[in-house]
2 protein chains.
Amino acid sequence: MAGASRKHIMRSDSNSEDIRQFRRHEHLARKDEVHEAVYKIEEGWACRYCLLPDGRRQITALFLPGDYCEPQWMLSGRSELPIVALTEVRAVAVPLATVHAKPGDSVMKLLGAVVDMLNRQSDWIVGLGRKSATERVGSLLAELHRRLHDVGRAIGGRCTIPLTQQDIADVVGLTPVHVNRVLGDLRQRGLVQFSGKTLIVPEPEQLHAAVLAAA
Amino acid sequence: MAGASRKHIMRSDSNSEDIRQFRRHEHLARKDEVHEAVYKIEEGWACRYCLLPDGRRQITALFLPGDYCEPQWMLSGRSELPIVALTEVRAVAVPLATVHAKPGDSVMKLLGAVVDMLNRQSDWIVGLGRKSATERVGSLLAELHRRLHDVGRAIGGRCTIPLTQQDIADVVGLTPVHVNRVLGDLRQRGLVQFSGKTLIVPEPEQLHAAVLAAA
DNA sequence: CGGATCCTTGAGTGGGCTCAAAATTAGTGG
DNA sequence: CCACTAATTTTGAGCCCACTCAAGGATCCG
């Protein structure tokens, strides 16, 4: 990450990476802000959210380690909604000028991330519109477990979910009280286990089956 | 698909446009289908939907005249969910090969459409997660009125909404019975009027205000 | 050790659902 | 153009899932 002092700074690539740190509850982006870089999350979690005038909050995207934080900024150049850190976050700022200059691999990665985000949002519309509380919470845990597993952060069904129950409620469109009850139910049914912020999914397939389309 | 056998295919524009017709309930795309073209809707409405194993349906996108039907196919090449015509539909198939060949205006339009879809989906997550039935239905009518107005299809607060109440229910995540009651309520409050499939919004701002963040 | 945040549990309420049937409209073939 | 059927809309009665309000316990952190 260091080593910026060279003669020819032509290739603005890996030397002197622009690393940013954010404390919990600190904003990575505000509403309607102009951006000339996207973040690649290295460590920690963040979310995009919408705050209604009367205080209701809805989270519309979760950013986990390895995710690009708002790949569509490459296309639009601005954030429509605020992004806030849910934990301490370490991220790399990827300048869009650089990406545009060499339209190769990195552009494709970002465009792929845009498509992933579209599909993930579409899935959550289905969940919020047509699934029960238990199905929504179960689906969220299953999805988070899968995403963490995909980046090597779930070993033996074990992973860390740093969300509060209030956060979970704001993702799945429920109240924190009800989320608490649903989590208790899932645990009693043996589909998941907790110890602190650690989530254990003994049988991912069983959770997936129990949660999708309870006939 | 036709019209490729000529000497100078320089201007691949208006000659022999690939126009497709779809009857109501006919599919424009199936799940997991490969696409080498996107549709530009000329006339009629279509939707993307998800059908859960037990029969519940959730609509995750509406396509109105002027919309590109699945701009992200340019990036992914395949449909994740089925698209079905809600009315008779006339659409132009825009071959992606053509678009890629001359990466200019049309590419930007499609990428802009992708960003619009992301933002619209994000808005609907907020609605489904945190808004009441009345707010959701009112928001939908307000949004549809605005989108139709933007393409010159709402004259004097008057526009055509060819959706059944069942369709509306599958967009806003309610039952058709409850949608019917909510519509009656909105009409009684003078926020909207109906006559057949024609929707009249006397005061768009009043509807918008009544529906967003009822304190 | 004190304060704040977060989790847990109980009791009661209500918004949207289910079930059911009738009225209206749209579609279709003769 | 009409008879017939299917689809859609409307209305009523009762129920349940998730919400609200509230209080006590646990955990974290300075």
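Chain letters run A, B, ... following the sequence lines, proteins first and then strands; every chain starts at 1.
For the pair A:Leu183 and B:Gly196, nearest-nucleotide mapping onto DNA chain C gives the more 5' position to A:Leu183.
At whole-Å resolution of the value, CZ in B:Arg23 and C1' in C:dT28 are 15 Å apart. Taking atom CZ on A:Arg56 and atom P on D:dC19, their separation rounds to 12 Å, with Å as the unit. A:Lys197 places its NZ atom 17 Å from the P atom of D:dA26, with the value rounded to the nearest Å. The interatomic distance linking B:His25 (NE2) with C:dG27 (C1') rounds to 13 Å, in whole Å. In this structure, the CG atom of A:Asp167 is 13 Å from the C1' atom of C:dC7, given to the nearest Å. Atom CZ of B:Phe194 is separated from atom P of D:dT8 by 17 Å (rounded to the nearest Å). When the C1' atom of C:dT18 is taken as reference, atom CZ of A:Arg130 falls 14 Å away, rounded to whole Å. With rounding to whole Å, B:Leu163 atom CG is found 18 Å from D:dA7 atom P.
A close approach under 4.0 Å does not occur between any side-chain nitrogen or oxygen of B:Lys131 and OP1 or OP2 of C:dG16. Residue B:Gln165 places at least one side-chain N or O under 4.0 Å from the OP1 or OP2 atom of D:dT10.
For the atom pair A:Thr60 OG1 and B:Trp124 CH2, the distance stands at 14.5 Å (nearest 0.5 Å).
Residues from residues 169-182 of chain B lying near DNA chain D, meaning a heavy-atom separation below 4.0 Å, are B:Val177, B:Asn180, B:Arg181 in numerical order.
Listed by chain and residue number, A:Arg153 satisfy the salt bridge (charged side-chain N to carboxylate O under 4.0 Å, His left out) test with A:Glu43 (two or more places apart in sequence, or in another chain).
The closest side-chain heavy-atom distance from B:Leu199 to B:Phe194 is below 4.5 Å. For the pair A:Leu186/A:Arg189, a side-chain contact is recorded, criterion being any heavy-atom separation below 4.5 Å from C-beta on.
The residues A:Glu33 and A:Lys31 are annotated as not salt-bridged, no charged nitrogen and carboxylate oxygen being separated by less than 4.0 angstrom. At a threshold of 4.0 Å, the pair B:Asp32-B:Arg30 does not count as salt-bridged, since none of the basic side-chain nitrogens sits closer than that to a carboxylate oxygen. For the pair A:Glu135 and B:Arg56, the salt-bridge criterion is met [side-chain N within less than 4.0 Å of a carboxylate O]. Under a 4.0 Å N-O distance rule, the pair A:Arg181/A:Asp185 does not qualify as a salt bridge.
Helix bend of the helix from C:dT8-D:dA23 to C:dG30-D:dC1: the angle between its two end axes, each built from five pairs, comes to 60° after rounding to 10°.
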For the pair B:Asp167 and B:Thr164, evaluate side chain to side chain donor-acceptor pair (under 3.5 Å) and give the outcome as yes or no after the intermediate values.
CA-CA 5 Å; B:Asp167 293 331; B:Thr164 67; 3.2 Å; yes

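Residue contacts shown for B:Arg136 are absent, as no nucleic acid heavy atom lies under 4.0 Å away.
In the set C:dT8, C:dC6, D:dA7, the nucleotide with an atom closest to the side chain of A:Thr164 is C:dC6.
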